[in-house]
Amino acid sequence: MIEEAQFNRVTLDCMTALRRRLKQDQGVVIRLGEPDALQRLVEASQNSADDVIRKLGSQLADLIRPSAPPESEPAMGQGAIAARQYHARTSRHTLEPESVPVSSGTSVRIYRGQVIRG
């Protein structure tokens, strides 16, 4: 299935052009609303003798191919929330609860991940 981020106007134009060419050339009718329409379009284009259809099929396959996740970049110049999310994604260790010595008469609270003694 195609991801929402990959489905745009270029992808739709390529799908409709390929669908028209396949219908004219091979008589294959593929409705774009079908769940397996993308796979059928790409497979039918690979079996075609027409170079234009094969080129459209390979272009569509490239458009719907999942993109590689971006390489992790340092969290420089980002806001506090983005930096924390970056740190959470890149840290491999599990957080263990800290042992906080509590003396009588002082209260200890945790506010936004920080220990506050009061």
Side-chain angles (χ1 to χ4, degrees):
M1 192 79 194
I2 189 168
E3 292 189 26
E4 205 170 302
Q6 295 171 319
F7 190 75
N8 55 26
R9 186 68 183 178
V10 175
T11 308
L12 182 62
D13 289 344
C14 184
M15 288 171 63
T16 54
L18 181 58
R19 179 179 173 268
R20 277 191 207 115
R21 297 293 296 232
L22 284 170
K23 187 174 182 180
Q24 291 171 354
D25 188 50
Q26 299 175 2
V28 176
V29 177
I30 300 173
R31 291 187 176 29
L32 298 180
E34 296 174 1
D36 62 341
L38 290 168
Q39 290 82 9
R40 290 183 56 202
L41 284 170
V42 172
E43 288 172 4
S45 67
Q46 291 172 348
N47 299 331
S48 177
D50 189 4
D51 289 337
V52 175
I53 293 176
R54 283 197 309 268
K55 195 175 289 187
L56 280 170
S58 66
Q59 180 183 359
L60 180 62
D62 290 340
L63 288 172
I64 62 173
R65 184 173 296 128
S67 60
E71 293 186 23
S72 60
E73 298 175 4
M76 297 172 59
Q78 296 179 350
I81 294 174
R84 286 183 183 168
Q85 289 172 344
Y86 171 79
H87 179 69
R89 285 192 311 265
T90 57
S91 65
R92 300 285 186 235
H93 66 282
T94 58
L95 298 176
E96 296 179 11
E98 297 178 12
S99 60
V100 178
V102 179
S103 61
S104 63
T106 60
S107 64
V108 176
R109 295 182 302 144
I110 298 179
Y111 179 72
R112 293 189 177 178
Q114 297 178 355
V115 177
I116 299 173
R117 295 183 182 105

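Being a predicted model, the structure only gives us computed values, none of them experimental. Just the heavy atoms: all of them, side chains too, but no hydrogens, waters or symmetry mates, feed the values below.
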Shortest non-hydrogen contact between C14 and L63, atoms and distance: CB-CD1, 4.1 Å
Write down the atom of R19, the atom of I30, and the distance for their closest heavy-atom approach. NE-O, 2.5 Å
Does any N or O in the side chain of R54 come within less than 3.5 Å of the main-chain N or O of A49, such that one atom is a donor and the other an acceptor? yes
Results of salt bridge (charged side-chain N to carboxylate O under 4.0 Å, His left out) for D25 - residues two or more places apart only: none
Return yes when atom CD1 of I110 has more than 12 non-hydrogen atoms of other residues, nucleotides or ligands closer than 6.0 Å, and no otherwise. no
Pick one: which of L60, V42, D13 meets side chain to side chain contact (heavy atoms under 4.5 Å, CB included) with L18? L60
Identify, with sequence neighbours excluded, every residue that meets side chain to side chain contact (heavy atoms under 4.5 Å, CB included) alongside Q26. L22, V28, A44, S48
Ignoring hydrogens, what is the shortest heavy-atom contact between G57 and S45? Give both atom names and the distance. CA-OG, 3.2 Å
Once rounded to the nearest 0.5 Å, what's the spacing between atom CD of Q39 and atom CD of E34? 11.0 Å
Using the side chain to side chain contact (heavy atoms under 4.5 Å, CB included) criterion, which residues pair with A17? Sequence neighbours excluded. L56
Does the side chain of N8 come within less than 4.5 Å of T11's, by heavy atoms? yes
